[in-house]
Amino acid sequence: MKVIEMIIKPFKLDEVKDALIEIGVQGMTVTEVKGFGRQKGHKETYRGTEYTIEFVPKVKVEVAVPDGLVPKVVETIARAAKTGTIGDGKIFVRDLQNVVRIRTGETGEQAL
Amino acid sequence: MKVIEMIIKPFKLDEVKDALIEIGVQGMTVTEVKGFGRQKGHKETYRGTEYTIEFVPKVKVEVAVPDGLVPKVVETIARAAKTGTIGDGKIFVRDLQNVVRIRTGETGEQAL
Amino acid sequence: MKVIEMIIKPFKLDEVKDALIEIGVQGMTVTEVKGFGRQKGHKETYRGTEYTIEFVPKVKVEVAVPDGLVPKVVETIARAAKTGTIGDGKIFVRDLQNVVRIRTGETGEQAL
Amino acid sequence: MTVSRLYRVAILSVFVWALLFAPASGLWAQEAPVAVPPAASAQEVVPAQPVVAAPAATPAPVPPPKVDTGDTAWVLTSSALVLAMTVPGLAIFYGGMVRRKNALNTILQCFVVACLIGVQWVLWGYSLAFGPDKAHLIGGLEWLGLNGVGGDPNADYAATIPHQAFMVFQLMFAVITPALITGAFAERMKFSAFVVFILLWATLIYDPLAHWVWAVGGWMRNLGALDFAGGTVVHISSGVAGLACALVFGKRLGYGTERMSPHNLPLTVIGAGLLWVGWFGFNAGSAVASNALATSAFVVTNTAAAAAALAWMVAEWVYHGRPTALGAASGAVAGLVAITPASGFVGPVSSIWIGVGAGVLCYIAVVMKNRLGYDDALDAFGIHGVGGTWGALATGLFASKAVNSAGADGLFFGNPAQFGIQAVAVLGSWIFAFVGTYLILKVVDMTMGLRVTDDEERAGLDQSQHNEAAYS
Amino acid sequence: MTVSRLYRVAILSVFVWALLFAPASGLWAQEAPVAVPPAASAQEVVPAQPVVAAPAATPAPVPPPKVDTGDTAWVLTSSALVLAMTVPGLAIFYGGMVRRKNALNTILQCFVVACLIGVQWVLWGYSLAFGPDKAHLIGGLEWLGLNGVGGDPNADYAATIPHQAFMVFQLMFAVITPALITGAFAERMKFSAFVVFILLWATLIYDPLAHWVWAVGGWMRNLGALDFAGGTVVHISSGVAGLACALVFGKRLGYGTERMSPHNLPLTVIGAGLLWVGWFGFNAGSAVASNALATSAFVVTNTAAAAAALAWMVAEWVYHGRPTALGAASGAVAGLVAITPASGFVGPVSSIWIGVGAGVLCYIAVVMKNRLGYDDALDAFGIHGVGGTWGALATGLFASKAVNSAGADGLFFGNPAQFGIQAVAVLGSWIFAFVGTYLILKVVDMTMGLRVTDDEERAGLDQSQHNEAAYS
Amino acid sequence: MTVSRLYRVAILSVFVWALLFAPASGLWAQEAPVAVPPAASAQEVVPAQPVVAAPAATPAPVPPPKVDTGDTAWVLTSSALVLAMTVPGLAIFYGGMVRRKNALNTILQCFVVACLIGVQWVLWGYSLAFGPDKAHLIGGLEWLGLNGVGGDPNADYAATIPHQAFMVFQLMFAVITPALITGAFAERMKFSAFVVFILLWATLIYDPLAHWVWAVGGWMRNLGALDFAGGTVVHISSGVAGLACALVFGKRLGYGTERMSPHNLPLTVIGAGLLWVGWFGFNAGSAVASNALATSAFVVTNTAAAAAALAWMVAEWVYHGRPTALGAASGAVAGLVAITPASGFVGPVSSIWIGVGAGVLCYIAVVMKNRLGYDDALDAFGIHGVGGTWGALATGLFASKAVNSAGADGLFFGNPAQFGIQAVAVLGSWIFAFVGTYLILKVVDMTMGLRVTDDEERAGLDQSQHNEAAYS
Ligand SMILES: Nc1ncnc2c1ncn2[C@@H]1O[C@H](COP(=O)(O)OP(=O)(O)O)[C@@H](O)[C@H]1O
Ligand SMILES: Nc1ncnc2c1ncn2[C@@H]1O[C@H](COP(=O)(O)OP(=O)(O)O)[C@@H](O)[C@H]1O
Ligand SMILES: Nc1ncnc2c1ncn2[C@@H]1O[C@H](COP(=O)(O)OP(=O)(O)O)[C@@H](O)[C@H]1O
């Protein structure tokens with residue numbers, strides 16, 4: 001199993017979610033994060049004091065999927081999250097040793 | 001070493017924390033997240049405009065533990081976080097290559 | 001590739017960020033978390049009701065880097081985030097299977 | 001959100017209506033006259049309001065103007081209350097309803113309107129609106145920079161308070177009116193264009209309209225239209241201007257697909273509370289005296305707000321199964337809007353009907369907006385345009401000389417003509433506000449551009465227009 | 001939280017008390033009479049308050065009622081201030097103290113009370129409370145729909161302002177009283193049951209009690225009980241009703257195990273600030289005139305609030321080592337509650353004692369609650385019940401005819417009987433409010449159910465009752 | 001942030017200035033006298049303000065003091081408004097500007113000042129400030145515990161309202177002044193030291209200064225300095241005290257390296273709105289009557305606030321490319337500060353210049369602070385010190401007897417001497433406030449320590465001083 005973790009633009013969340021549901025993903029977890037990459041931040045000024053804000057608001061989405069589904073999921077995300085402008089974000093694919101569904105106690109792929 | 005990551009109902013946090021401390025876990029990190037799984041979301045209405053809120057507030061807890069402790073930790077969480085109703089959440093077990101305690105510079109299992 | 005994940009004191013974020021940029025890191029993702037470790041929490045009282053707050057506000061920073069850069073990054077973080085007092089935090093090093101840059105579709109180390 | 005449910009609300013409301021009307025006639029008959037009987041003291045007979053007394057009602061012997069400390073205290077207090085309606089009231093009522101990234105811009109727009117008009121009114125606005133009449137259309141420039149507007153009363157407008165007190169009370173009305181429009185173009189207007197638009201709109205739309213309705217010599221006032229505290233001048237004008245804005249600006253990016261729920265509803269409810277409290281100054285202060293008429297206006301203001309909030313909540317309960325806090329706040333404001341023109345002319349039981357009508361009609365208007373598809377972001381038109389129109393017409397239904405002998409009777413009190421007069425005033429205001437606003441917008445759009453770029457809109461106006469963040 | 005620390009607070013407070021008392025007698029003697037000397041102008045001798053003048057104090061020659069603009073301005077202003085106490089004041093004072101998921105429901109409850117009573121009072125409430133007396137127990141139905149309540153003064157209640165001004169001022173009291181109760185059952189009541197409960201409680205408890213204490217003919221008024229601005233009618237009744245609610249509802253889910261700390265304390269402190277400011281209208285407005293008595297009430301109101309906030313903070317400092325913002329806010333409100341019945345009868349130095357007593361006693365009450373184990377979520381009883389009882393009794397201690405010649409002397413001024421009278425009034429209000437509330441709750445519970453389901457409570461009332469979220 | 005841009009602002013402002021001045025002389029000439037002409041009714045000729053009438057202006061025949069209901073209503077209303085400026089106004093204006101971890105401490109400081117002074121003023125503060133004069137320097141102890149301060153007017157200060165009304169109005173000034181200082185040492189002062197500091201400062205600095213400027217016999221009053229509503233007493237004293245605090249405390253940890261942006265700007269803007277509204281009580285209430293002078297003060301107050309907010313925003317726009325919400329709020333407050341001493345002596349057009357000057361000068365002061373490197377956290381000095389100084393001097397420029405015959409003419413109206421008198425008063429206040437504050441701080445620092453530990457500062461004062469969290 002793998003965890004696919006993506007950092008995307010916040011207003012793309014609903015589109016990505018819908019695209020993933022369509023290909024059979026049954027759960028996901030979303031975190032509000034701030035990111036820093038090629039995309040420049042911006043300045044803020046308060047009574048003459050300027051701050052450079054390098055971090056841009058982003059959304060992190062984590063989906064645990066069986067190995068077989070990985071390519072399809074990655075490709076789906078890459079399509080749904082793309083605007084073609086800087087700051088579109090990244091997809092990270094990471095190993096997942098085991099999963100347990102707390103309600104039923106199921107483990108492994110059944111628990112996804 | 002492993003990182004055990006769980007997504008649980010927010011009001012279960014204190015119970016899970018206490019249970020983990022009891023079996024010797026010495027640290028953990030908590031993040032507020034929103035989740036999406038079997039559990040249905042709800043509707044919100046603002047001046048006649050309805051929104052479907054699929055994401056339900058959850059808490060993510062991460063604990064880094066030595067390999068030996070993994071089964072006990074998983075079992076403890078599964079017990080403490082369970083209500084038996086939909087949305088109880090999931091436990092993810094993932095590999096951890098190395099740890100460093102910043103204050104002392106210790107690495108590996110000592111640093112946990 | 002590896003993901004280096006650190007839990008640090010919030011007021012150290014800017015210092016760590018600058019140090020990482022200096023050694024060539026080109027992106028990172030930051031999450032607000034609450035942590036629990038050796039560092040004691042504190043008490044809060046509201047109209048005579050006391051609550052013990054075990055969790056202390058922390059910042060989690062994730063950086064994906066090529067394997068070669070790992071030691072340097074770890075060492076840089078350990079230096080920049082250190083105050084020498086309890087609660088300085090931890091660095092976790094974890095495997096990363098693959099990365100995709102959404103905007104361009106690049107994968108692997110180029111995508112970092 | 002089926003159409004059939006909408007019908008249910010409509011039917012329900014007609015039903016409730018009918019139910020209330022039956023006993024109503026009886027209750028109305030009992031309504032105690034709150035205003036002065038013919039034999040009352042001279043001071044109180046002075047038409048309490050710059051507004052729109054039927055010409056014949058002007059009493060013959062006016063006492064020489066002298067400042068009354070009680071009246072002055074009430075008008076100063078009212079002026080402060082009406083400023084509080086805009087800053088911070090309306091600012092946070094609107095500010096809480098937008099998304100987090102636009103919170104400051106929305107709040108700032110109201111704040112800046114108070115600043116711009118605060119200077120404009122003193123320099124030329126008051127003179128255009130209330131200065132010596134020119135052709136029943138506009139005031140002259142004689143009072144530029146408040147020249148001649150001093151501490152002595154001006155008996156034309158308020159015989160017992162300093163002329164400047166009347167001026168500053170009216171200033172607060174001139175402030176809130178353009179501020180109300182900002183709800184229509186929230187979350188997408190360039191700040192520089194906003195400043196220019198407000199100055200033009202205040203000078204070209206508000207000042208003339210205020211003159212028509214309230215100034216000695218204004219044509220609507222001469223017509224005999226009743227507008228105690230600004231149903232046409234304030235609410236129809238701003239609401240209809242809002243409609244024009246919504247149409248010219250088009251929708252916000254992501255409208256209909258992204259979630260655009262209010263970022264901080266407690267802020268909105270506080271704002272609604274301040275609007276409610278401040279509205280006592282708005283309506284009861286419009287008596288420009290501290291007397292029975294002011295008291296009566298105070299009472300019906302409260303009653304209409306309460307009834308309208310309840311009506312909106314009931315409509316929601318029927319239509320989508322739950323009453324909401326935003327609904328209660330919106331309903332109260334709708335009721336306050338609707339009672340505004342009527343507040344010096346109707347009794348407490350009438351004010352319940354006016355409130356119920358406002359709650360239901362504005363709710364329907366807001367729901368319909370989603371069907372019709374224009375993006376009046378914070379419902380400036382749905383609440384102020386619709387509520388103001390209902391209120392102005394309802395004044396023609398429920399007005400009673402038993403309440404204010406200087407007013408007129410409405411349709412339900414045997415004078416159908418008044419309803420016709422009200423309809424003319426409504427129509428005139430609609431046309432003037434809509435066409436005028438449309439033209440101003442087009443001119444500003446062509447010269448400097450109205451709307452922020454897509455990137456600026458997505459990043460949020462706080463960041464792109466002000467380099468600030470509301471929260472950190 | 002050892003018991004011994006609690007004792008320390010008690011001892012400390014007794015000590016402070018004694019310390020203050022010693023010089024006090026001297027200072028009291030010096031207290032300048034603020035109220036009218038016998039020879040003052042007729043207008044001012046009119047018993048300034050509907051409230052509770054010792055019967056003998058009624059002056060012989062009452063001038064024919066005539067509206068005074070200054071008095072009217074002050075009462076209208078006060079009415080606006082008292083509405084601001086509930087909406088937005090109390091709404092956010094309470095709203096900030098609950099958990100995020102219940103913020104809107106809590107705020108909305110106060111808002112809806114203002115709407116419900118805003119209509120109820122006009123239709124039948126005022127008539128029941130102040131209408132022509134029936135058997136010293138209730139007002140008649142003669143004033144239904146404000147029939148006969150018009151612009152002329154009603155000399156029984158306020159000889160120098162329009163009768164409707166008195167009515168609308170009293171309306172604001174009728175609004176805040178049930179709103180105070182909502183603190184007791186916060187975070188767990190069904191919204192539909194809430195609406196029914198409020199209407200029943202206002203009609204069956206508040207209206208009669210207001211009649212007993214304030215209306216011409218009411219039995220407590222006849223008894224000679226002093227209650228200038230509502231210690232019994234407003235605070236004891238709502239506080240004791242809150243106790244009944246806390247007992248009937250039981251605890252919130254997770255009480256004692258989950259963290260239930262306030263989600264937004266700045267909101268709560270703003271609310272406390274608005275309560276403080278609005279309370280000037282509440283107490284000084286209860287003079288129903290703009291005179292020396294109103295001024296005196298204004299001064300003692302401020303002084304008691306300040307002293308009580310300091311006392312609460314000192315108690316916290318001693319008892320758990322830190323003064324808190326919530327403590328300061330709570331203490332100020334406790335002081336305002338306690339001075340309410342006394343505000344027209346005591347001098348400034350007395351008001352310091354009353355405030356100190358309120359701060360310490362209410363703090364102890366709130367701490368004790370955690371021992372006794374009932375869940376009065378936002379301390380409606382701990383602050384209004386306890387503070388109101390203390391204030392009503394303290395009026396019997398500190399009242400002085402040197403301050404208000406139409407009042408009475410208290411125990412410390414040589415008239416122990418007054419303390420007895422106050423105790424009777426307190427007891428009567430306690431019993432009536434407790435039993436009446438209990439019965440109403442039981443009836444509502446049996447017919448429609450009082451409490452939300454466990455799932456609804458866990459999801460939060462904003463979501464489950466209103467389909468809304470406070471923040472997004 | 002190059003120096004050249006700063007010059008651009010300065011040049012721009014001079015230019016705007018010149019531009020405005022040219023036509024100004026013409027406009028001024030036209031300014032209608034708002035205050036009473038010599039022949040007006042006796043009551044109005046009574047110097048409306050305790051303040052600083054040129055000695056010669058005292059009119060000969062004073063009517064016997066009698067309470068006027070309208071004047072009393074306005075002064076009571078004003079007192080409530082001025083309290084609202086501090087609690088909740090200033091509390092949240094400041095509270096929104098600090099970091100989240102210090103929000104409650106900052107809010108609480110303002111709240112606690114209201115409590116401390118609420119008791120201090122009644123017990124000894126009022127007597128020191130306004131009691132019978134001793135050597136032109138301080139009031140006697142005759143009025144301790146408000147002994148002798150009752151319901152009858154004191155003709156020295158306000159002939160038509162109860163003496164206690166004047167006292168409580170002044171109390172609100174005594175509250176806000178020390179509260180303003182808290183902006184300078186925000187986010188780093190020990191709470192216990194804070195309590196001691198406030199009591200000392202109020203007693204040793206504020207009370208004497210108020211005596212000098214406002215009390216019968218005070219030396220600055222005798223000098224003929226004009227200060228209608230507190231430019232020296234309130235704003236210079238608190239602003240300069242703030243400067244002393246900033247210097248003694250030193251910088252906050254992380255100043256210049258960590259981000260210290262406001263955590264909740266909507267809160268700050270609401271606070272600014274409440275300050276604006278409340279300031280009508282502050283300035284127009286300082287007429288201690290409800291008349292033409294109060295009205296005039298009301299008008300110029302609003303105008304100056306509006307003009308200053310616009311000026312600040314324009315300066316920002318030029319200097320860093322964007323106008324901001326915090327800038328608008330700060331500018332409005334700066335304008336309100338500057339108009340304070342002038343509000344009873346200048347006309348509306350003059351008030352525009354005063355406002356523009358305040359906006360530009362305070363903006364420059366705030367930007368310069370970053371250069372000079374002291375950490376006046378919330379700009380108590382930058383706004384109140386600089387704005388108050390400008391206002392006091394500007395009074396010497398723009399004052400006109402056409403506006404207030406009991407005042408004096410300023411430089412621009414042919415009386416350069418007045419500017420000199422104002423400069424002396426400014427200098428005196430500066431020196432006294434700076435030296436006095438410095439000494440008090442040193443004493444407190446040596447006895448109990450002023451500043452929290454580094455760990456406490458990093459954890460935040462809410463946690464370390466109060467065991468609370470603002471949000472959860
Ligand atoms: N090396 C990295 N490690 C962790 N997160 C990263 C890394 N690079 C980018 N990110 C995340 O991805 C987001 C988008 O990256 P960015 O470089 O701006 O996109 P792009 O290169 O596609 O324009 C960043 O805001 C950050 O949160
Ligand atoms: N495949 C997944 N990947 C990531 N997170 C998941 C996944 N499935 C579930 N979750 C997380 O677990 C939470 C609980 O899941 P849910 O399916 O509702 O629980 P259950 O199946 O036990 O009733 C979700 O809210 C989500 O945050
Ligand atoms: N075993 C662990 N698993 C996950 N997170 C941990 C663990 N131990 C510590 N942390 C995180 O690191 C932070 C700092 O840890 P702490 O033990 O207080 O530091 P130190 O030991 O260096 O003084 C904690 O607040 C927590 O967020």
Side-chain angles (χ1 to χ4, degrees), chain A residues 1-8 10-35 57-67 70 73 77 80 92-112, chain B residues 1-10 12-13 15-16 19 29-41 51-62 65 67 70-97:
Chain A
M1 292 168 292
K2 294 272 185 291
V3 170
I4 299 177
E5 193 180 304
M6 68 210 93
I7 316 285
I8 58 173
F11 73 91
K12 278 291 190 183
L13 175 60
D14 278 333
E15 230 168 294
V16 169
K17 184 202 66 194
D18 292 341
L20 286 175
I21 289 176
E22 213 159 280
I23 61 165
V25 169
Q26 301 208 349
M28 66 191 73
T29 302
V30 174
T31 316
E32 288 180 14
V33 300
K34 295 179 298 183
K58 299 275 170 187
V59 155
K60 184 209 273 186
V61 184
E62 285 162 295
V63 214
V65 293
D67 290 310
V70 172
V73 166
I77 297 167
F92 300 104
V93 181
R94 293 158 76 174
D95 259 345
L96 175 59
Q97 258 58 38
N98 198 3
V99 193
V100 183
R101 163 172 287 132
I102 294 173
R103 176 166 49 93
T104 58
E106 292 157 288
T107 58
E109 301 214 347
Q110 283 136 285
L112 285 178
Chain B
M1 292 167 295
K2 294 272 183 293
V3 170
I4 300 178
E5 192 179 304
M6 69 211 92
I7 316 286
I8 59 173
K9 292 183 171 167
K12 278 292 189 181
L13 175 60
E15 230 167 295
V16 169
T29 301
V30 174
T31 316
E32 288 181 14
V33 300
K34 296 178 298 181
F36 170 81
R38 301 277 151 88
Q39 192 183 13
K40 289 183 299 291
Y51 299 98
T52 309
I53 309 300
E54 272 113 354
F55 293 104
V56 178
K58 299 275 170 188
V59 155
K60 183 209 273 187
V61 184
E62 286 162 294
V65 292
D67 290 310
V70 172
K72 203 163 168 198
V73 166
V74 169
E75 181 254 318
T76 303
I77 296 166
R79 191 168 29 73
K82 184 166 179 167
T83 67
T85 58
I86 232 168
D88 271 356
K90 298 207 170 143
I91 308 173
F92 301 103
V93 182
R94 294 158 74 173
D95 259 346
L96 175 59
Q97 257 59 38

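- If you measure heavy-atom distances from B:E54 to chain A, the contacts under 4.5 Å come from the side chain alone.
- Residues satisfying the side-chain hydrogen bond (donor to acceptor under 3.5 Å, both in side chains) criterion with A:K60, sequence neighbours excluded, are C:E62.
- Most heavy-atom pairs under 4.5 Å with chain A: of the set B:G37, B:G35, B:G84, B:G89, this distinction falls to B:G89.
- Inter-residue side-chain proximity for A:D95 and B:D95 is flagged as unmet; no heavy-atom pair is nearer than 4.5 Å.
- Within residues 76-83 of chain B, the residues having any heavy atom closer than 4.5 Å to a heavy atom of chain A are B:A78, B:A81, B:K82, listed by residue number.
- If you tally non-hydrogen atom pairs under 4.5 Å between each of A:L112, A:N98, A:I21, A:T107 and chain B, the highest count goes to A:N98.
- Here the side chains of B:R38 and A:R101 are in contact, with some heavy-atom distance below 4.5 Å.
- Within the 4.5 angstrom heavy-atom criterion, no atom of B:Q39 approaches chain A.
- No donor-acceptor pair under 3.5 Å is formed between the side chain of B:K90 and the backbone N or O of A:V99.
- At least one side-chain heavy atom of B:F92 sits under 4.5 Å from a side-chain heavy atom of A:L96.
- Atom CD in A:E32 sits 9.5 Å away from atom CD in B:E32 (nearest 0.5 Å).
- Across A:I102 and B:I7, no two heavy atoms sit closer than the pair CD1-O, 4.2 Å.
- With chain A as partner, the option from B:V74, B:I86, B:V70 having the largest number of non-hydrogen pairs under 4.5 angstrom is B:I86.
- Looking at A:L13, the atoms closer than 4.5 Å to chain B (heavy atoms on both sides) all sit in the side chain, from C-beta outward.
- For a residue to count as touching a neighbouring chain, one of its non-hydrogen atoms must lie under 4.5 Å from one of that chain's; by this rule A:V3 touches chain B with the side chain only.
- Between chain A and the options B:D88, B:I91, B:T31, B:I8, heavy-atom pairs under 4.5 Å are most frequent for B:I91.
- Heavy atoms of B:I4 lying under 4.5 Å from chain A are absent altogether.
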